[in-house]
There are 2 protein chains.
Amino acid sequence: MTKYSKQSRFLIAVDCIVFGFDGETLKLLLIKRSFNPEKDKWSLMGGFVQASESLDQAANRILKQLTGLEGVYLEQMYSFGETNRDPIERTISVSYFALVDIHKYEKQISTDFHAEWVPLKRIPKLIFDHQEMVELAKKSIRYKAALHPILFELLPSRFTLPQLQTLYESVFNTSIDKRNFSKRVLATGLLIKLTDKDKAGSKRGAYYYQLNMQKYYANFQAFINIIPNPDSLQN
Amino acid sequence: MTKYSKQSRFLIAVDCIVFGFDGETLKLLLIKRSFNPEKDKWSLMGGFVQASESLDQAANRILKQLTGLEGVYLEQMYSFGETNRDPIERTISVSYFALVDIHKYEKQISTDFHAEWVPLKRIPKLIFDHQEMVELAKKSIRYKAALHPILFELLPSRFTLPQLQTLYESVFNTSIDKRNFSKRVLATGLLIKLTDKDKAGSKRGAYYYQLNMQKYYANFQAFINIIPNPDSLQN
DNA sequence: CCAAAAGTGTTGCGGCTACACCCATGC
DNA sequence: GCATGGGTGTAGCCGCAACACTTTTGG
């Protein structure tokens, strides 16, 4: 029974903007397309939605197939529907952004999947409207991170305050006073100080922290105040 | 040339959650479906995307066709893609919310289009997942309005501070001290005080204000601080 | 012993909240 | 003249930004 028989049907793609942080630099995961059109051009992780799956399921499947990533933070961002955005056939793309602990997957991704982590400052030309998606993703992640503690998704389970601060400084492209930063972060009550130190970054070593998962989940929708002046979201 | 021939194609719908404010109550514009499935059930303003139009164009067209509304504030919200959300045939719905000055269209809508303004507190059961869309729209409008001056889109070009305050109180389902409210609002510099008064609401009358359009457009993306405590966004 | 990064406290200011009374007018 | 809603000011507190020195240790 098809009551909607006169209507047009369209391809639906999912495209994922995958953020990673290696302790110093904020990066995106990009891939060289192995198929036409635009073969060998750089592209986001994308694929078509299948008849049997929801949008979220498609996003998770595509991420897994192209990168091996599974169980990462994934959030729907925006749907792109210009009529000519894919030159072969009209395709509506539902975009997602993902936040990934880069270390967990670094080797796996490059050997098995020919995907590559590219510093956000040096993104090459991308196919279709993927450039636009990246710009929106940068804005979205800032917007959200200014209000919610999502950036922890980019860090390993144990991390130091200097690492966390570098991450915030990368995302907001700013520099933050470390005394005020640590006060604000610790005031959230989300962090548990561990007894051992990371000696990699300095001679003295920096204490490891981990998330208080209880509070993290409870406060995820709540508002935090880590960024001094949200006007830094502007550009 | 069809390189994607093996992929499934889907119906794409656009559904609009249309908010209006009559000076007292926040309302949604709903319609009784004139076609199957779910004929005569309440529904959001929706329709199918056509081959020749972008998502934004489809949203604007559908709003115009179903309500006569044109040139109103319209923002893409979220895409719903559960496989069984439309029982007849799988349909992905891209939802938009709209903010409308209710007075401009009140008569027109009910006479010409059989659409109806329903108080947000008394929304009937809706078809499909439209209930879920409404819930998300309430959250989205609060979220955005806590940070950006979008609620002016719901008011006529001349309005009073008590009207504006009632609007904020409706949206955030809270009550606000009027002295503090007026200080915060006026501190944004977005308002121009006019010399005449609205005598409808009281004997003394309340001064009309209008938006400083220069500043309004310049500050639309910037952050304002009208809501005392953003934790009111919680529920 | 020195370089390099980590850690930590205080003060002052600005902005926010809480709060109450007078004003204008239609009836 | 009184009831109704509109308009306005202040004081105290809290939170935030600004700011510099000491600690640790690998080399």
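Protein chains get the first letters and strands the later ones, always in sequence-line order, with residue 1 at the start of each.
Donor-acceptor pairing under 3.5 Å is recorded for the side chains of B:S93 and B:D15. No hydrogens or angles considered: a donor-acceptor pair under 3.5 Å links the side chains of A:Q65 and A:R61.
Here the side chains of A:K197 and A:R204 are in contact, with some heavy-atom distance below 4.5 Å.
At D:dC16, one or more side-chain N or O atoms of A:N225 fall inside 4.0 Å of OP1 or OP2 (strictly under the cut-off). Remark: B:R184 is not in phosphate contact with C:dG15, judged by side-chain N or O atoms under 4.0 Å from OP1 or OP2.
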Under a cut-off of 3.5 Å for both distances of each Watson-Crick or G-U pair, what dot-bracket string does DNA chain C give, using [ ] for crossing pairs and | for inter-strand pairs? |||||||||||||||||||||||||||
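When distances run from any side-chain atom of A:N180 to the nucleotides D:dA17, C:dA18, C:dC19, the shortest one goes to D:dA17. Comparing D:dG7, D:dA17, C:dA6 by their closest approach to the side chain of A:K183 singles out D:dA17.
Every residue two or more places apart in sequence or in another chain was checked for a ring pair (Phe, Tyr, Trp, His ring centres under 6.0 Å) with B:Y208, and none qualifies. Residues satisfying the ring pair (Phe, Tyr, Trp, His ring centres under 6.0 Å) criterion with A:Y96, sequence neighbours excluded, are absent altogether. Checked against ring pair (Phe, Tyr, Trp, His ring centres under 6.0 Å), B:F159 has the following partners two or more places apart in sequence or in another chain: B:F152.
Summarising the geometry, the separation between NZ on B:K178 and C1' on C:dC21 is reported as 10 Å, rounded to the nearest angstrom. In this structure, A:I176 atom CD1 and D:dC16 atom C1' are separated by 14 Å, rounded to whole Å.
No donor-acceptor pair under 3.5 Å is formed between the side chain of B:Q76 and the backbone N or O of B:D56.
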Side-chain polar contacts of residues 66-73 of chain B - donor-acceptor pairs under 3.5 angstrom, sequence neighbours left out - could you list them?
from  : atom 1 : to    : atom 2 : distance (Å)
B:T67 : OG1    : B:L63 : O      : 2.5
B:T67 : OG1    : B:L69 : N      : 3.0
B:Y73 : OH     : B:E75 : OE1    : 2.4

Tabulate atom names and distances for all N/O pairs under 3.5 angstrom spanning the protein and nucleotides 22-27 of chain D.
from   : atom 1 : to     : atom 2 : distance (Å)
D:dT23 : O2     : A:R204 : NH1    : 2.5

